[in-house]
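Following: one structure in structure tokens, then a few remarks.
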Amino acid sequence: MPLYLWPFRQIRRNRILSRGLVPDRLWRRCLDDHPILAGLSTADEQLLRELTTVFLREKRFEPVQGLDLNELMKTSIAVQACLPILHLGIDSYNDWSTIIVYPAEFVRPRQEFDTAGVLHQWEEWLGGESWERGPVVLSWCDVEASGWGDGYNVVVHEMAHKLDMRNGDADGYPALHRGMRPSEWSQAFTSAYEDLARVAERGREPDIDDYATESPAEFFAVLSEYFFERPDLVAERYPQVFQQLRLYYRQDPETRLPMRPQRGR
Ligand SMILES: [Zn+2]
């Protein structure tokens, strides 16, 4: 962002915040509905509420296929989107503005030529999708299934892709902060990726979703989901990845979620 734009953006955000934060009842309900938000310090909860307030004002929500997207639903998306950037700042999302929300999984046509030059066409059902510098697309059913502390979180997943894309293609290699070593990131993620692929190949059901082994980009997105949903599992299975994610997201969910949250519904 050019420096001269900063004050204007900041003034606008201060104005948004001065008009009031997410209302108390809505905020309480949001915290209660999402066990992954348990244990936040007072300062972090206040920061998350401010980020969520700004996010709700700055992003455009576009429900489709007749979905009735109310304030609680929007806030549920916003708060889960803001959790990963709690200590990165709202500017981490300043290169996109729209969230399209389907009622349930949505279909995308796919096609690919095989090595013999034969065109294969099929349909893929998705729970979420992120376009480079474009919208985020979410299935409301999948948003509802997120935040319970069981490892699945479509909002965190798509936000991880968005963060990853800030320095080019989604490749599992987001822009690291000063002081982080690229070699340590690569080493941690490569060895964990290979390990999970080996477990999946042996036909054993891994406790981390092996969709992660589709590509390094998916590995980063899926491990980000587990980092915020089941940090204990990431710390146990892949401690070096946990350490890198802790440095990258500048927070440690394991310290505030010592007990595995129970699924509430
Ligand atoms: Zn993905």
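Throughout, numbering of the chain's residues begins at 1 and tracks the sequence. Atoms within a ligand are numbered from 1 in the order they appear, just like the ligands themselves.
At least one donor-acceptor pair closer than 3.5 Å links the side chain of D164 to the backbone N or O of D171. Side-chain N or O atoms of S224 include none that pairs as donor or acceptor with a backbone N or O of A160 at under 3.5 Å.
Ring orientation note: the planes of H161 and H157 are nearly perpendicular, at an angle over 60° on the 30°/60° scale.
Separation of atoms OG1 (T52) and CD (Q80) is listed at 10.0 Å; rounding is to 0.5 Å.
With ring centers used as reference points, Y173 lies 6.0 Å or more from F220. The distance between the ring centers of Y248 and H177 falls below 6.0 angstrom.
Around the Zn ion (ligand 1), protein N, O or S atoms at less than 2.8 Å number 4.
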